[in-house]
2 protein chains.
Amino acid sequence: MNTVLAGPVRPTPGAVSPSRPAALARVEGGFWAERRRINAEVSLADGPKRLEAAGNLANFRAAALLRTEGGAVPGAVSAGFAGDFQFQDSDVYKWLEAACWQLADSPDGELAAELSAEVEAVVGLVTAAQREDGYLQTYYQLGGGEPWTELGWGHELYCAGHLMQAAVAHHRATGSDRLLEAARRLADHIDSVFGPGKQVDTVCGHPEVETALVELYRTTSERRYLDLARHFIDRRGHGTLSSGADRGHDRDPGPEFWQDHTPVREATEVAGHAVRQLYLLAGAADLAAETGDPELRTAVERLWLDMAATKTYLTGAVGSRHGWEAFGDAHELPADRAYAETCAAIASIHFSWRMALLTGEARYSDLVERTLFNGFLAGAGLDGHTWLYVNPLHRRSRSHERPGDQTAHRTPWFRCACCPPNVMRLLASLPHYIATTGDDGLHLHQYATGVYGGDGLTVRVTTDYPWDGPVTVAVEEATVTGPKTLALRVPAWCTRYTLTLNGAVVEGRAESGWLRLTRSFVRGDTVRLELAMPARLTVAGPRVDAVRGCAAIERGPLVYCLEQTDQRGGLDPDGVVLDPGEPLTVDWQPGLLGGVSTVSGVGRLLAADERAGWPYRPLGTQAPQATAGVELTAVPYYAWANREAGGMRVWLPLAAPLRLP
Amino acid sequence: MNTVLAGPVRPTPGAVSPSRPAALARVEGGFWAERRRINAEVSLADGPKRLEAAGNLANFRAAALLRTEGGAVPGAVSAGFAGDFQFQDSDVYKWLEAACWQLADSPDGELAAELSAEVEAVVGLVTAAQREDGYLQTYYQLGGGEPWTELGWGHELYCAGHLMQAAVAHHRATGSDRLLEAARRLADHIDSVFGPGKQVDTVCGHPEVETALVELYRTTSERRYLDLARHFIDRRGHGTLSSGADRGHDRDPGPEFWQDHTPVREATEVAGHAVRQLYLLAGAADLAAETGDPELRTAVERLWLDMAATKTYLTGAVGSRHGWEAFGDAHELPADRAYAETCAAIASIHFSWRMALLTGEARYSDLVERTLFNGFLAGAGLDGHTWLYVNPLHRRSRSHERPGDQTAHRTPWFRCACCPPNVMRLLASLPHYIATTGDDGLHLHQYATGVYGGDGLTVRVTTDYPWDGPVTVAVEEATVTGPKTLALRVPAWCTRYTLTLNGAVVEGRAESGWLRLTRSFVRGDTVRLELAMPARLTVAGPRVDAVRGCAAIERGPLVYCLEQTDQRGGLDPDGVVLDPGEPLTVDWQPGLLGGVSTVSGVGRLLAADERAGWPYRPLGTQAPQATAGVELTAVPYYAWANREAGGMRVWLPLAAPLRLP
C-alpha cells in the first residue's frame, strides 16, 4: 500500500506552503467512515453502470473505433455521441479519480478487486480513444466540430484537466503510468497548441485545467506543465473568449460567467459562475504555493475573504443565483432560491484547503469543516444512490420548481451529471483533508476517528464528532527526538473548550484558531480536547437581507433545519416562528436518518395565512402570533430531503416582536 | 371626435358586468396628463423610428414583397427576417394600438396629423403583408418555418391577438374598417385551423388571443370569435403543447410556463410565466363577463386573490423570478432579484381592471392604482425615451447584472422590445381605466384631473393627486331625473378622509372601499373628498421572508425608495437602518425628477461592512448601530434610475433591535 502521496494536492518540496497534507491519513471509524463506506459500496460501485447508461463510456468506445477506422468527421455532431453536453467525458474522469483514491485508501478485499478491474477497463477505454497527437475529447472526435474552435462552451481543457487529475490519482494509487502517459500526451498537445503565437491564444470557458496542470507538474516534475498553468491563469480576464457565439447557446452569459472579465491578480470579488470561479482560484492557490508569487497569494487571500464574508451561506454553500449558476452580489444570499450547487461546495472546499496549505491559517479549515458537514454533504443522499444538484436553505411546502435537473429533489443521476462523481472523489479522498504536517509538527484540521501522521509524529484520533465534543488524540509513534508541536484547530463555532494532556489540564487559549501543544511527545501520550457543543442560535449580519429577523439552529459544525415531516401534525415550517427565550434540547436518535442528534425548541404559530388579502400593512399592526408554544424539531441540514417531500427551513423567524417606539 | 367606445375593454350590452368603462373619459391635467403628454410627444412619436431601426417594419415590407412574388420559402429562416424573435410583429401592433388610443383621445392638431399619417402607413404595411388566406406573421412568411407547427414558441396566436387589439383600437378611434377587416380575416383563418378535428387542436405558447378575440367579438358582434376565445381558454391546461421541442430553445420551460399545466377553471394559484398567466386571466375575465359563466368567474376571483395576497410586490409588480420570467412560490418576493417585468405589471392592470368591471369591487381598482403609480410607471423613463424591463425593489451599489436586456438600467429599446409599446398603449388608453358607469350611476376608480361621465351624469375632477389628497368633483351635467349614485373609491391605504357636498360635511363611511353619494344631482353640485395623505411606514406579513424586519415608506398611492444619489455624502442605502421612532417629513420639490414630494426620515449607520470576516454570529452579539442619526431622503419609486446609477432600496431595515429574552 502506497500511503505516501496517495491523496490529492501534494505540494513539491520547493513549494512555499508551510503545511503539507499528512502522508498518513486514514479514517477508520465514526461519521465520515460510514459516509465513505456508502460511497465505496454504493456510489462508486454504481458509477460504471450510470456512465454506461448515460452513454459516456460508449462515447469512448465510439471514438476508439473511429480512430482505428481513420479519423473523425468534423463539422457535424455524429449520431454516435451520446448525451447532451460537450463535457460528458469529465464524468468518467471524475469517477476514475474517485475510484483511484478509494483504491489508494483500501486496496484490499473483494470490493477493491472489483473496483480495480473496473478502473483498468475504463482506463483502457480512455487510452484507446486518444488520438495519435494526444488530443482527446470524444464530443469533438465524434464529429461535434473542429477541436479547439469553441473555447467558450467546448470544455476541452476542462475535460483535459479532469483526465490529468484522474491520471495523477491512478498513478498515486497504483504506481502505474498507463493513464499518466495519456495525460502527459494530452498536456503536451495542449502545450503545443496554446500560447502566444501558437494556434490558440485564449483560455477555456470552464477553468479546471489550471489546478490539474499543477498536480501533473507535481507528479511528473515537468516544469512546462507549471508554466502552462501560469499561462492559463494569467491569460484569463483579458476578454479573449468569444463568448456566446458557440453553437447551441442562444444567450450570451457574459465575461464574468467564463471568468474572463478581469485578471485574477486584479479581481476584488468573486463573481460569475461559482464552480468556474472557484476551480480557477484553486489553481491560482496551487500556483502561488509552487511559485511563491506574492501578488497571486494576495489576490487569492483577498478573493477568499470576499467569498467567505459576503457570498457564503451559513451551510458553506456558494452560488446564490439559478441564472448562470452564479455568485450574486455581496450579501445576496436568499435561502429559498439559493442555487448552492453541490459542485460549488466541492470547489469551495478545494479552494479553502489549498489556502489552508498555503497559509497554515485555521480560518480556511473552519470553512472546509462547515462546507463539508453541510453545504457539501447535503448533496449526497443517505442511500448513496441519489443526489441533490442544488441545495437551498428553505423549501416551501408548495414549491414551484423549474423542470430539469436543478431541483431540490434527490435524483438518481442528472442529465448534467457533474455533481455525483464530484461528491465521490471528495468522499474518497476525504482523509487527506484532515491533517497536515510541517516543520513544526502535526496539525489536525478536522476531527474524524482514524490515524494521521508524518514527519515522525503519528496519532490516533478517537471521537464521536460531530455528535459529541470530546476528541482523544493518542500518540502512536514519535520517532523524532526533540520537541514537536501538535496543533489542534479549535473551530470558530466553539466558545468553550478544555485541553488535557495525560489527564492534566493544559492552560492556554487557542491563537488564531490553533491550540498548539509543543513537547517531546512519546508513544502513549494522550491529548484530549473537549469542545463544548451546546445547541445554539445563530443570526446573520445586518447586510444579509434574506434572513433578517431570523435565527438558525446550529450545534457543533452542523447546521440544522426544520423539516415538515418531523413536526407534530405535519406542521408547515413556514407557519411558525421560533421563541428564542425557550431552551433548546438535544436528543440522540439512533434510528433516525442513519443516526442523528435532533435539536428541539419552542415555536409560536403564526396567524392564519394571509391568502385572505393584501399582505402588507401599517407598521405596528402586525397580526399577533399564537401564544401557545409548539415543539419544533430540527434535524441536521445534511440529512434533509431523504424522506417525503415537504417544507424545510434553516432560518427561523424569531418570535420576539420588533420593539416599536 | 368619437368619445363613445374610444377605449379598450367595452363589454357588450349582454355582458353581466355591473360596471362599464365610462363613455366619456378625458384626463386634462395633473400627474397623468404630463406623463401622457410625454408618451404622445416622445414615446409614440419615436416608435416608428425604433421599429424601423429594429427591422420590424422591414419584415412587413419583405413579407408583402414575397406575397406579390408568389409565396414563402418554408423551412429555412430567410435572411430577410430582421430580429431575433418570432413575435416581433407584435411590437408593431402594440405601437399601432397605442397610437390609435392616442388619436381617439386627441385627434386634432399637428401631432395628431403626423401620428395619423404614421398609423395609416403602418396599417398599409400590415395589410399588404397578409396572405390571401388571412394568415399573417412575417417570421413564418419569411421562411421561419411552416405556420402553425411551433405552437410553443411560435407566438402566432399571440401576434394575431395583438393585431386584433390594434384593429379594434383603429376602428374605435377612426371608424375605419381597414385594419379590422384584416383582423377578421386572420381570426376567420384561425377559426378554420384550430379546434377539435381541425388542423391544429392545441393552444398558443403565449396567451393573448383570448382577450383579443373577446374584444373583436365586442366590436364585430361575430359570435364565433367569442366561441373561439372560450375554446382556447378551455383547451388550455391539458398538456397539449409540445413544450421545448421547438427550434432554438435547448431547455424545456415546462407546462407552467406555457400556462398548459392545469385548466383555468381548476387552478388554485397563479403560476408560470407572469405575463402569460395574466394575459390568460384577463381573457378569462372578459369571457366570464360576456357569458356570465359562474364557474369561470369563481376561478378568476380565486386566482386574482392568490396573486394579490401571496405573489405581489408592494409596488404592485408581479413575477418574482428571472428564471422563465415566472411567478415564484407563495410569499417568494425578493426585493433584490425581483424580476417584476414591466409587461407583467401591465398584464396585472389589465386583469384587475376586468375584475373591477366584472364585480364592481373596489379592491381590484386598489391594486390597479398601486400598480399604475409604482410597478408599472417605474418601467417608463421620465424622458419618454428609456425603459426598464425589470423593476427590482432593491439594487445594490455594486450589482452584478446578467448581460442582455433584463437589467435595472434604463435602456432606449430592447432586443426583446415587448415593454416599451406596451407602456405606450396603457398610457394612451389610461383615461379609460378611471371611471365606470352602471345602472346606479358613476363610479370614480382613480383620481385624475379631467372629465368623466356617461348615462346622464358627467363630472369634472380637479386634484393634485398623488401629491395631495383633496379631490374636487363638480357635476357638469346631470340629464337624468331622479337619484343617481356618485361612488368614490376610498383607497385601501387611506385611513382618514372627509367628504363634503357643496361645502357641507357628509357623514358616513366607505363600504367595501366605496363612498356612495346618492341624490338627484344638479349641475354645479360640488363634492369634495379629502384623503389624508401622511407619509407612513408599511411592513410585510410574517410569511414574506425577503423583507422581514423592514419597513417601506409610502405616501398616498406612492411607494418610496432611497436612492444613493439623494443621500448626503452619497451614502449607500445598504449601509443604514431606519429609525421608526423619528418623524417622517414631506417636501414638495418642483425641480426634482419632474416635480416630486420627497419623504425624509432618520436613519442610523450600520457598523462597517463585515467584509472583514464571517457574517454569521451568535444571537445577541449583533454589532451595534451608530447612534448618531443621519437624514435619509426618499423619492417616489416610479422615478428611480433616472439619474446616475447607485444603490436603491424600497424596504429599509428597522433600527429597533430585536428584543432578546
Side-chain angles (χ1 to χ4, degrees), chain A residues 248 250-252 254 256 271 306 308-310 314 322-324 328-330 332 334-337 396 398-400 402-404 492 536-546 548-551 574 577 580-581 606 609-619 622 653-654 656 658-661, chain B residues 248 250-252 254 256 271 306 308-310 314 322-324 328-330 332 334-337 396 398-400 402-404 492 536-546 548-551 574 577 580-581 606 609-619 622 653-654 656 658-661:
Chain A
D250 59 355
R251 296 185 304 163
D252 175 5
E256 275 192 3
D306 177 70
T310 73
L314 185 66
H322 281 248
W324 301 115
D329 295 337
E332 178 190 327
D336 49 2
R337 293 291 292 166
R396 294 187 180 82
R398 294 200 309 169
S399 184
H400 292 262
R402 304 197 312 188
R536 63 190 192 274
L537 294 179
T538 300
V539 299
R543 285 176 175 77
V544 183
D545 290 290
R548 184 173 288 113
C550 293
D574 279 331
V577 294
L606 286 180
D609 188 346
E610 315 97 62
R611 206 162 290 256
W614 184 242
Y616 307 99
R617 59 190 90 191
L619 178 67
Q622 290 91 330
L654 291 170
L658 289 164
R659 173 70 46 169
L660 301 177
Chain B
D250 59 356
R251 296 186 302 164
D252 174 5
E256 274 191 4
D306 177 69
T310 73
L314 185 66
H322 281 246
W324 300 116
D329 295 338
E332 178 190 327
D336 50 2
R337 292 292 291 166
R396 294 186 179 82
R398 295 201 308 169
S399 186
H400 293 263
R402 305 198 308 189
R536 63 190 191 274
L537 294 179
T538 300
V539 298
R543 284 176 174 77
V544 183
D545 289 290
R548 185 174 288 114
C550 293
D574 280 329
V577 295
L606 286 180
D609 189 346
E610 314 97 62
R611 208 163 290 256
W614 184 242
Y616 307 97
R617 58 190 91 192
L619 178 68
Q622 290 92 330
L654 291 171
L658 289 165
R659 173 69 48 168
L660 300 178

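Quick note on labels: first sequence line is chain A, next is B, and so on, each numbered from 1.
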Which pair of non-hydrogen atoms, one from [X] and one from [Y], has the smallest distance, and what is that distance?
| X | Y | value |
| --- | --- | --- |
| B/Arg617 | A/Pro542 | NH2-CD, 4.4 Å |
| A/Ala308 | B/Pro615 | O-CD, 3.4 Å |
| A/Tyr616 | B/Thr538 | CB-CG2, 3.8 Å |

Any residue meeting side chain to side chain contact (heavy atoms under 4.5 Å, CB included) with A/Ser399, in chain and number order, not counting sequence neighbours: A/Arg395, A/Glu401, B/Asp329
Interchain contact, A/Ala540 with chain B, by part (heavy-atom threshold 4.5 Å):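 Answer is both: backbone and side chain atoms of A/Ala540 are under 4.5 Å from chain B.
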Segment of A/Arg548 engaging chain B (4.5 angstrom heavy-atom cut-off): both
Which residues share a side-chain hydrogen bond (donor to acceptor under 3.5 Å, both in side chains) with B/Arg396, sequence neighbours left out: A/Asp545, B/Asp336
Side chain to side chain, A/Leu619 and B/Pro580, heavy atoms closer than 4.5 Å: yes
